[in-house]
Amino acid sequence: MKRFFSVEDVINVYDIIKEAINLKKNPYCFQHIGKNKTIGLVFFNPSLRTRISCQKAAFNLGSNTWVLNIHRDSWNIEMKDGNVMKDTQEHLKEAISVMNLYCDILAVRTFPHLIDRDYDYNEVLFNKILSYSKVPVVNMESATLHPLQSLADVMTIAEFIPFFSKKKCKVVLSWAPHVKPLPHSVANSFSQWISKIEEIDLTITCPEQYDLYEEFSNGVYTTYNQNEAFLNADFIYAKNWSSYINYGKILCNNNDWMITERKMKITNKAKFMHCLPVRRNMVVEDSVLDSPNSIVLQQAENRIYASQIIFLKILQSLS
Ligand code: CP
């Protein structure tokens, strides 16, 4: 594997899930592969889970890491080409080229600004980094996708309902309310990964004008009726996202979309999922998040092994 931007960089989704589950059982067995290697983690935006799980994954592989918070800890970086740099001190081109001297893999987080849809959906910043980098680049959440999260999510589902037994299950990706306009990356990516798994029937439920971009939700049944979607569901994955059609806007403030204990009763004793961080009693009621059916911590734990299997595949391709 020479880069990891999306599920399309994975040869076989079933195999990568199996390998991640095996790594979880024996996390230190590939320390010889990561020895004397360095993984650089570059954050243009905040993070708790991605940052620490990637560091832990690298540690498990015997690798070193460094972390850089762009803007807070670095010089102000110029992203545009040809600008007279009056307000910025270092161009992205030099910054990435120099970072390349200090690592074997470069992992990057680049959120969308949710202002210019073409800029975000063309992944302009991530693609610039890809073009400047001579070492493999890993997506730690870009403008449109969060593939390390999705790999952890499908791995978590597989631990409860092994796909390999060919048992079908119903997974619902439900929009939930939020006070701020949020990116689409978790929802897009989850839909994209699930589409590769035959044993999962995915339903998306959201208010009108919140349909995901069709490239990522292609063929997925979408309903504006949350109660209908929840019927007989085995997993409820809650997430807020802003509108794609009316780009980056909040069009619905209806708290009725919050995931409640009452709604979970419609399901087939569904497991509750969320990528975290989550706003309690806005996205989901306390009682759902604190219930035995909440598997949000398993998802967070599996972030380690999702990152670890991707770093491992890339490190193996270097040697
Ligand atoms: N789920 C997730 O990516 O968490 P962080 O933003 O804290 O990394």
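Indexing begins at 1, ligand by ligand and atom by atom, following the structure's order.
Regarding atom 1 (N) of ligand 1, its nearest protein heavy-atom neighbour is L276 O, 2.8 Å. Among all non-hydrogen protein atoms, the one lying nearest atom 4 (O) of ligand 1 is R49 NE, 2.9 Å.
Of the N or O atoms in E141, none lie within a sub-3.5 Å distance of an N or O in ligand 1. Close N/O approach between P277 and ligand 1 is not found [any backbone or side-chain N/O within under 3.5 Å]. Between R51 and ligand 1, not a single N/O pair is under 3.5 Å apart. Residue L48 has at least one N or O atom closer than 3.5 Å to an N or O atom of ligand 1.
Note on ligand 1: M140 sits outside its first shell, no heavy atom being nearer than 4.0 Å.
Between G248 and S242, the shortest heavy-atom distance links the atoms CA-OG, 3.6 Å. Nearest heavy-atom pair across E123 and S142 is OE2-OG, 2.8 Å.
For N122 and D118, the side-chain atoms include no donor-acceptor pair closer than 3.5 Å. Counted by atom type alone, H184 and T144 present zero donor-acceptor pairs between their side chains at under 3.5 Å. A donor-acceptor contact closer than 3.5 angstrom is absent between the side chains of E214 and Y244.
Atoms of ligand 1 lying under 4.0 Å from at least one heavy atom of H146, given by number and element, are 2 (C), 3 (O). Residue R303 approaches ligand 1 through these ligand atoms, each under 4.0 Å from one of its heavy atoms: 1 (N), 2 (C), 3 (O).
A salt bridge does not link E301 with K56: none of the charged nitrogens is closer than 4.0 Å to a carboxylate oxygen.
Residue I295 forms a side-chain contact (heavy atoms from CB on, under 4.5 Å) with just one option from N302, T156, D153, and that option is T156.
Neither the backbone nor the side chain of V186 comes within 4.0 Å of ligand 1, counting heavy atoms alone. Under 4.0 Å from ligand 1, the heavy atoms of R109 that appear belong solely to its side chain.
Using the six-membered ring where Trp is involved, Y119 and H113 have ring planes that are tilted, between 30° and 60° apart.
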